[in-house]
S.K.: 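Handing you a structure now.
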Amino acid sequence: MNRPVWIRHASQLVTLAGGSSSPVVGERMNELAIIEDGSVWLENGRIASVGTDAELEEIYRKRLEEADIIDATGRLVTPGLIDPHTHLVHAGTRENEFNMRLNGATYMEIMNNGGGIHATTAATQKASHEQLYQESKKRLDLFLLHGVTTVEAKSGYGLTLEDEIKQLEVAKQLDEEHPVDLVSTFMGAHAVPKDYRENPDAFVDVVIQEMIPEVARRKLAVFNDVFCERGVFTPEQSRRILEAGVEHGLLPKIHADEIEPYEGAELAAEIGAVSADHLLRASDTGIERMAEAGVIAVLLPGTAFFLMAESANGRKMIDAKVAVAISTDCNPGSSPTVSMPLIMNLGCLKMGMTPAEVLTAATINAAHAIKRAHEIGSIEAGKLADITIFDVPDFMTLQYRYGVNHVHTVIKKGAVVVAEGTLV
């Protein structure tokens, strides 16, 4: 049996305690439940006790010699970061499109001319399971080095039953073999394949009648997602796809209102989606209805930054009492990054969020966006021992010193997996 781990003398221990039962909204997103000179006792893969160093020293005074000690003096300790929206499993890169956008081409123009999602689909369909596994594992290693301990991973670059299953099986293997936990989302409705361009409803039927039942039968996904956007899937097509998923036990998520207002936020509220993601062009009505329905907004400032677009209005959504989470949207076209710390920086600089709010959005609210808040997202007794230690003294400095990976130590289920910024 592994020895207990005792984290001592954290300059700030950000616990996020009290937000596990429901997503954190409004002013509460600024309440981090910080303990100065904080201490955490980890045992059997879980958090056993949380408090000041003096309190835990008293509680465990007869067992102090049993523990491996991590000295967090002068450092910030937080829950392990959670990325609730990625396209982790894919093959290939699209740096050529980056240059095209710099020369004025838009995301949808590139996609409609055979690039974008279609280019990655071709590479992913061609790739073997092993190739996909190795390429995705490298990305997952980088996530871990940036303090991320849980990642949501979507399919959607297969667009055939066989290739969607292949993506999801790679994600399942990574979840079983890599320290980072993966939560899978089926997204067969990521784009309309070229062969169905003249009859997209026929592809919707394939997704509903063939793909969703088989994914559910194999238990390869928790969620079902759709790209609701003009030129991709209409609100009505999206509704059909998401309702079919619910019938097979897959919880609904939606890529909504990214390029233009398209009533995606309204649809998310109407069907009771767990989250609506992107939302750069969400209407005021859509935001209001999401707040009323308890739909989480997963905002992706890195995508807007990389596409040179205006970011989603995180400030407006928080003030409207929408629960906000943030994510990298890691993908090869519009956000090829694994850096959740950078995404937090951008949340402050581009979406009007405070340093406290972005940390809430990257931990406990991100956990709610993937239905894992009962296990992760805060540092509370009984939860999984997923913890990130940053080499900065406080949460404000984490955002102030932007664009730098300050991760010093990462602990996953009680085991040190990153030490002094290096994979163990």
Side-chain angles (χ1 to χ4, degrees), residues 80-95 116-117 119-159 163-191 215 220-225 227 250 253 255 275 277-278 298 300 302-303 306 325-343 362 366-367 369-372 376 386 410 412 417-418 423:
L81 302 181
I82 299 161
D83 193 330
H85 180 130
T86 83
H87 301 264
L88 175 77
V89 180
H90 64 266
T93 60
R94 294 184 354 225
E95 59 272 5
I117 292 169
T120 300
T121 296
T124 302
Q125 289 177 343
K126 184 178 179 180
S128 66
H129 178 105
E130 182 62 20
Q131 178 187 339
L132 283 176
Y133 178 88
Q134 292 300 332
E135 290 190 25
S136 302
K137 179 180 180 297
K138 289 180 181 178
R139 287 186 282 273
L140 209 51
D141 287 345
L142 290 172
F143 268 112
L144 193 56
L145 287 167
H146 285 81
V148 176
T149 52
T150 301
V151 166
E152 183 262 14
K154 303 180 190 295
S155 65
Y157 290 127
L159 303 187
D163 291 303
E164 289 291 307
I165 294 293
K166 179 174 65 176
Q167 277 190 276
L168 292 168
E169 287 181 337
V170 168
K172 180 181 179 181
Q173 184 181 352
L174 286 166
D175 179 50
E176 293 168 349
E177 298 178 358
H178 197 279
V180 174
D181 285 335
L182 266 67
V183 178
S184 287
T185 295
F186 167 67
M187 198 179 179
H190 196 194
V215 168
L220 288 174
V222 176
F223 301 101
N224 176 37
D225 201 342
F227 190 2
L250 300 178
K253 286 178 169 285
H255 282 51
S275 71
D277 303 23
H278 286 290
V298 177
L300 316 169
T303 308
F306 198 67
I326 56 175
S327 165
T328 64
D329 189 22
C330 173
N331 76 81
S334 61
S335 189
T337 184
V338 297
S339 178
M340 279 295 287
L342 175 61
I343 296 305
I370 55 172
K371 292 293 187 181
R372 291 290 182 94
I376 57 176
D386 291 3
V410 181
K412 180 65 182 178
V417 289
V418 173
L423 291 174

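Small disclaimer: the values here were computed from a predicted structure and weren't measured.
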S.K.: Quick one: are I165 and V215 in side-chain contact, heavy atoms under 4.5 Å?
M.R.: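 Counting from C-beta outward, I165 and V215 do come under 4.5 Å.
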S.K.: Given side chain to side chain donor-acceptor pair (under 3.5 Å), test S128 with E130 step by step and report yes or no.
M.R.: CA-CA 5 Å; S128 66; E130 182 62 20; over 6 Å; no
S.K.: Quick one: does K412's side chain get under 4.5 Å of V180's, heavy atoms only?
M.R.: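 No. Closest side-chain heavy atoms not under 4.5 Å.
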S.K.: Without swapping roles, check the side chain of T93 against the backbone of E95 for a donor-acceptor pair under 3.5 Å.
M.R.: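 Side chain of T93 to backbone of E95, a donor-acceptor pair under 3.5 Å: no, none is there.
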S.K.: Any side-chain heavy atom of K371 sitting closer than 4.5 Å to one from F223?
M.R.: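 Yes - at least one pair of side-chain heavy atoms lies under 4.5 Å apart.
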S.K.: Please work out which of the three classes, parallel, tilted or perpendicular, describes the rings of H278 and H85, given edges at 30° and 60°.
M.R.: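 Ring orientation, 0 to 90° scale: perpendicular.
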S.K.: Holding to ring-ring contact (aromatic ring centres under 6.0 Å, His included), I want the full list of residues that pass it with Y133, two or more places apart in sequence or in another chain.
M.R.: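 Y133 satisfies ring-ring contact (aromatic ring centres under 6.0 Å, His included) with no other residue.
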S.K.: I need the minimum non-hydrogen distance between D181 and D175, along with the two atoms involved.
M.R.: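 Heavy atoms of D181 and D175 come nearest at CA-OD1, 3.6 Å.
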S.K.: Taking G116's backbone N and O only, do any of them form a donor-acceptor pair with R94's side chain (distance below 3.5 Å, no angle check)?
M.R.: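 Flag set: sc R94 to bb G116 pair under 3.5 Å.
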S.K.: Between L145 and V418, is the side chain to side chain contact (heavy atoms under 4.5 Å, CB included) condition met? List the steps.
M.R.: CA-CA 7 Å; L145 287 167; V418 173; 4.2 Å; yes
S.K.: Evaluate side chain to side chain contact (heavy atoms under 4.5 Å, CB included) for L174 paired with S136, printing each intermediate quantity in order.
M.R.: CA-CA 8 Å; L174 286 166; S136 302; 3.7 Å; yes
S.K.: Report the residues that fulfil ring-ring contact (aromatic ring centres under 6.0 Å, His included) with H146, sequence neighbours left out, ordered by chain and then residue number.
M.R.: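 Partners of H146 by the ring-ring contact (aromatic ring centres under 6.0 Å, His included) criterion come out as none, since no residue qualifies.
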S.K.: P84 and A325: which non-hydrogen atoms are nearest, and at how many Å?
M.R.: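 That closest heavy-atom pairing would be CG-CB, 4.4 Å.
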S.K.: So, do H87 and H255 have ring centers that fall under 6.0 Å from each other?
M.R.: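 So the answer is yes for these two rings.
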S.K.: Return the minimal non-hydrogen interatomic distance between T303 and S335, and the atom names on each side.
M.R.: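 Residues T303 and S335, closest heavy atoms: OG1-CB, 3.6 Å.
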S.K.: Are D83 and I343 close enough that some pair of their side-chain heavy atoms sits under 4.5 Å apart?
M.R.: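 Counting from C-beta outward, D83 and I343 never come under 4.5 Å.
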S.K.: Salt bridge or not between K166 and D163? Use side-chain N to carboxylate O under 4.0 Å.
M.R.: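 Salt bridge flag = yes for D163 with K166.
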S.K.: Any side-chain to backbone donor/acceptor pair from T121 onto G158? Under 3.5 Å, distance only.
M.R.: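 Answer holds: no.
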S.K.: Sequence neighbours excluded, which residues qualify as ring-ring contact (aromatic ring centres under 6.0 Å, His included) partners of F143?
M.R.: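 Not a single residue meets the ring-ring contact (aromatic ring centres under 6.0 Å, His included) criterion with F143.
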S.K.: Could you pull out all residues at least two apart from K154 that satisfy side chain to side chain donor-acceptor pair (under 3.5 Å)?
M.R.: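 In terms of side chain to side chain donor-acceptor pair (under 3.5 Å), with neighbours along the sequence ignored, K154 is linked to E152, D225.
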S.K.: L168 and S184: which non-hydrogen atoms are nearest, and at how many Å?
M.R.: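 Answer, listing the atom of L168 first, then S184: CD2-CB, 4.1 Å.
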S.K.: Apply side chain to side chain contact (heavy atoms under 4.5 Å, CB included) to the pair I326 and V298, showing each step before the final yes or no.
M.R.: CA-CA 5 Å; I326 56 175; V298 177; over 6 Å; no
S.K.: Would you say the side-chain atoms of E135 pair up with the backbone N or O of V89, donor to acceptor, closer than 3.5 Å?
M.R.: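 No; judged by distance alone, with no hydrogens or angles, the pair does not exist.
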S.K.: Would you check if the side chain of T124 reaches a backbone N or O of A91 as a donor-acceptor pair within less than 3.5 Å?
M.R.: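 Pair found, side chain donor or acceptor close to backbone of A91.
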S.K.: Decide yes or no for D141 and L423: does some side-chain heavy atom of the first lie under 4.5 Å from some side-chain heavy atom of the second?
M.R.: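 Counting from C-beta outward, D141 and L423 do come under 4.5 Å.
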S.K.: Would you confirm whether R139, through its side chain, and H90, through its main-chain N or O, come within 3.5 Å as a donor-acceptor pair?
M.R.: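 Yes; judged by distance alone, with no hydrogens or angles, the pair exists.
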S.K.: Would you say the side-chain atoms of Q173 and H129 include a donor-acceptor pair closer than 3.5 Å?
M.R.: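 Indeed, the side chains of Q173 and H129 share at least one donor-acceptor pair under 3.5 Å.
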S.K.: Of all the heavy-atom pairs spanning Q167 and Y157, show the shortest one and how long it is.
M.R.: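 Looks like OE1-N, 2.8 Å.
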S.K.: Applying side chain to side chain donor-acceptor pair (under 3.5 Å), run through T150 and R372 and close with a yes or a no.
M.R.: CA-CA 10 Å; T150 301; R372 291 290 182 94; 5.7 Å; no
S.K.: Do the side chains of V151 and V183 get nearer than 4.5 Å, heavy atoms only?
M.R.: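 Side-chain contact under 4.5 Å: no.
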S.K.: Can you measure from OG (S155) to CE (M187) and round to the nearest 0.5 angstrom?
M.R.: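 Atom-to-atom, S155:OG and M187:CE are 8.5 Å apart.
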S.K.: Going through the distances and angles, do V417 and L144 end up as a side chain to side chain contact (heavy atoms under 4.5 Å, CB included)?
M.R.: CA-CA 8 Å; V417 289; L144 193 56; 3.9 Å; yes
S.K.: I need the L140 CG to H178 NE2 distance, nearest 0.5 Å.
M.R.: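 Answer for the CG-NE2 pair, L140 versus H178, is 4.0 Å.
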S.K.: Identify, with sequence neighbours excluded, every residue that meets salt bridge (Lys or Arg N to Asp or Glu O under 4.0 Å) alongside D277.
M.R.: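 D277: no salt bridge (Lys or Arg N to Asp or Glu O under 4.0 Å) contacts found.
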S.K.: Check whether any side-chain heavy atom of I376 sits under 4.5 Å from a side-chain heavy atom of T149, and report yes or no.
M.R.: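 Heavy-atom side-chain distance check fails, nothing below 4.5 Å.
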S.K.: Indicate yes or no: at least one non-hydrogen side-chain atom of T185 is less than 4.5 angstrom from one of N224.
M.R.: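 Sidechains of N224 and T185: no contact.
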S.K.: Which atom names give the shortest non-hydrogen contact between T337 and C330, and what distance separates them?
M.R.: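 Answer, listing the atom of T337 first, then C330: O-CB, 3.3 Å.
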S.K.: Among residues at least two apart in sequence or on other chains, which ones pass salt bridge (Lys or Arg N to Asp or Glu O under 4.0 Å) with E169?
M.R.: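 By the salt bridge (Lys or Arg N to Asp or Glu O under 4.0 Å) rule, E169 matches R218.
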